[in-house]
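Note sheet for the following structure.
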Amino acid sequence: MQVPGPFEYERATSIDQAVGLLDRLGEDAMIVAGGHSLLPMMKLRIANPEYLVDINDLATELGHITVDEAGTVRIGAMARHREVLDSEDLARVLPIFRDAEKVIADPVVRNRGTVGGSLCQADPAEDLTTVCAVLGASCLARGPGGEREIGIDDFLQGPYETALAHNEMLLEIRIPLRARTSSAYAKVERRVGDWAVTAAGAQVSLDDHAAAPTIVAARVGLTAVNPDAEALRALSAALAGRPATEDTFAEAGVAAAAACDPVGDMRGSVDYKRHLAGELTIRTLRRSVERALTMSARQGD
């Protein structure tokens with residue numbers, strides 16, 4: 001039986017106490033919330049913290065999902081996946097979250113796992129990191145010196161690495177809303193609840209004044225296929241000013257397939273995963289445009 005190494009346990013009752021514990025205990029301390037990311041890694045001895053700081057008592061402070069009057073979505077680090085899935089307000093303005101949450105693991109994991117846990121693990125096969133990257137989210141962190149806001153591209157520094165210092169904790173993610181903009185996520189998995197064979201996300205903003213639907217800005221993201229970040233940024237930039245047509249989507253699909261370097265494994269061959277990356281990019285761009293047009297029609301644009 002695989003079991004974690006020995007560790008000591010502290011339970012924080014406030015954000016300040018949690019930050020203080022991380023600062024005092026040093027680099028061998030880690031936060032645990034839902035535990036569905038960290039505990040399996042501890043069982044495999046991939047993660048070997050000497051101290052666990054439990055923040056489950058902070059759900060009231062960090063479990064929020066709100067859309068404020070300034071047009072910013074705020075999701076607390078302790079928001080559970082089930083709460084994100086069930087939020088009608090969130091699904092209305094950022095439907096990509098519901099798309100992704102429907103295919104994250106299973107009900108047991110979704111009931112306990114947290115948004116913050118997913119982002120802080122920075123697993124390249126994890127869905128919400130791609131979602132947040134596509135949406136241009138920012139991450140609010142707190143340490144002994146106060147709070148700082150970190151753009152998602154800077155927050156995610158590589159597989160299992162983030163910009164958080166050892167004595168900082170993630171408080172919430174913030175996502176700005178844009179007019180005539182919507183998003184989508186699509187995933188292929190071997191079986192329900194499995195890691196992605198390949199997945200893709202997109203966000204598209206449309207021109208308010210063009211006679212035909214025209215893309216003003218777009219972001220495309222890929223999951224589990226080792227994408228080239230610069231190539232994806234170039235792909236996204238190239239969509240600006242293009243008509244929102246099937247030809248445009250198809251060209252983006254070809255570019256997405258070329259922008260990744262997947263590993264062949266039991267989930268599929270390299271060629272199969274590249275094909276999926278292209279096809280899912282087409283689908284998410286198409287769906288994002290359809291949703292943006294529907295949203296505009298409802299608002300009377």
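Note: hydrogens, waters and symmetry copies are ignored here, and every other heavy atom, side chains too, is used.
- The minimum heavy-atom distance between A77 and T114, with the atom names listed, is O-CB, 3.4 Å.
- The pair E88-R98 counts as a salt bridge, with a side-chain nitrogen and a carboxylate oxygen less than 4.0 angstrom apart.
- With N111 contributing its side chain and P107 its backbone, the two residues share a donor-acceptor pair below 3.5 Å.
- In this structure, S236 contributes its side chain and V220 its backbone to a donor-acceptor pair below 3.5 Å.
- T281 places no side-chain N or O within 3.5 Å of a backbone atom of E279 that could act as its donor or acceptor partner.
- Side-chain N or O atoms of R286 include none that pairs as donor or acceptor with a backbone N or O of E246 at under 3.5 Å.
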- Message: side chain to side chain contact (heavy atoms under 4.5 Å, CB included) for C139 and I152? Distances and angles first, verdict last.
- Response: CA-CA 6 Å; C139 302; I152 190 68; 3.9 Å; yes
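- At distances below 3.5 Å, not a single donor-acceptor pair connects side-chain atoms of D54 with backbone N or O atoms of E10.
- Side chain of S288 to main chain of A202: a donor-acceptor pair is present (N/O by atom type, distance under 3.5 Å, no hydrogens or angles).
- Counting only distance, with no hydrogens or angles, the side chain of T248 and the backbone of P243 share a donor-acceptor pair below 3.5 Å.
- Both L170 and L135 belong to a single network of hydrophobic side chains, linked directly or stepwise wherever heavy atoms of I, L, V, M, F, W or Y lie under 4.5 Å apart.
- In this structure, L222 and L280 have side chains that are not in contact, with every pair of non-hydrogen atoms separated by 4.5 Å or more.
- Rounded to the nearest 0.5 Å, atoms CG (D28) and CD (E8) are 11.0 Å apart.
- Side-chain heavy atoms closer than 4.5 Å link hydrophobic residues (I, L, V, M, F, W, Y) into clusters, and following such links, possibly through other members, connects L140 to L62.
- Nearest heavy-atom pair, A141 versus L164, reported as atom, atom and distance to 0.1 Å: CB-CD2, 3.5 Å.
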- Message: Apply side chain to side chain contact (heavy atoms under 4.5 Å, CB included) to residues T129 and L119 and explain how you reach the verdict.
- Response: CA-CA 6 Å; T129 52; L119 288 184; 3.8 Å; yes
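- Of the inter-residue distances, the one linking L85 atom CG with I104 atom CD1 reads 9.0 Å to the nearest 0.5 angstrom.
- A donor-acceptor pair under 3.5 Å is formed between the side chain of Q17 and the backbone N or O of T13.
- Hydrophobic clustering, with ILVMFWY side chains joined whenever heavy atoms are under 4.5 angstrom apart, keeps V216 apart from L239.
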- Task: Check the pair L128 / H81 against side chain to side chain contact (heavy atoms under 4.5 Å, CB included), numbers first and verdict last.
- Result: CA-CA 10 Å; L128 288 191; H81 292 298; 3.6 Å; yes
- Item | Stepwise salt bridge (charged side-chain N to carboxylate O under 4.0 Å, His left out) test for D265 and K273 | CA-CA 10 Å; D265 55 22; K273 291 181 179 183; 2.9 Å; yes
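- M169 has its side chain within reach of I15: a pair of non-hydrogen atoms, C-beta onward, lies under 4.5 Å apart.
- Ion pair R180/D207 not flagged as a salt bridge, since none of the NZ, NE, NH1 or NH2 atoms sits closer than 4.0 Å to an Asp/Glu carboxylate oxygen.
- Atom CE of residue M42 and atom CG of residue N48 lie 7.5 Å apart, to the nearest 0.5 angstrom.
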- V197 and R190: side chain to side chain contact (heavy atoms under 4.5 Å, CB included), yes or no, with the steps? CA-CA 7 Å; V197 176; R190 291 189 307 160; 4.0 Å; yes
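- Contact between R274 and C260 at its shortest, heavy atoms only, is NE-O, 3.4 Å.
- Annotation: side chain of D153 is in contact with side chain of R233 (closest heavy-atom distance under 4.5 Å).
- Here the side chain of R45 pairs a donor or acceptor atom with the backbone of V3 at under 3.5 angstrom.
- Around the CD atom of Q157, the shell of radius 6.0 Å holds more than 12 heavy atoms that belong to other residues, nucleotides or ligands.
- The shortest distance between side-chain heavy atoms of R287 and P95 does not fall below 4.5 Å.
- With a 4.5 Å cut-off on side-chain heavy atoms, M78 and E61 do not count as touching.
- Rounding to the nearest 0.5 Å gives a distance of 9.0 Å between CD of E101 and CG of L90.
- Partner D99 forms a salt bridge (charged side-chain N to carboxylate O under 4.0 Å, His left out) with one of R283, R291, K187 and no other, that one being R291.
- L58 and L52 sit in two unconnected hydrophobic clusters of ILVMFWY residues. Membership requires side-chain heavy atoms under 4.5 Å apart, directly or through other members.
- The existence of a salt bridge linking D68 and R174 is excluded, since no basic side-chain nitrogen approaches an acidic carboxylate oxygen closer than 4.0 Å.
- With a 4.5 Å cut-off on side-chain heavy atoms, S37 and D123 do not count as touching.
- Rounded to the nearest 0.5 angstrom, S182 OG and Q203 CD are separated by 8.0 Å.
- Between I173 and F155, the closest side-chain pair of non-hydrogen atoms is not below 4.5 Å.
- Residue L171 holds its CG atom at 5.5 Å from CD of E147, rounded to the nearest 0.5 Å.
- In this structure, the side chains of F97 and V73 stay at 4.5 Å or more apart for every pair of heavy atoms.
- In terms of heavy atoms, V134 sits closest to G201 at CG2-O, 3.6 Å.
- Using a 4.5 Å cut-off between side-chain heavy atoms of Ile, Leu, Val, Met, Phe, Trp and Tyr, with links allowed through other members, L38 and W195 fall into different hydrophobic clusters.
- Of all the heavy atoms in V131 and I96, the pair that sits closest is CG1-CG2, 3.9 Å.
- Between L206 and A244 the shortest heavy-atom distance is CD2-CB, 4.3 Å.
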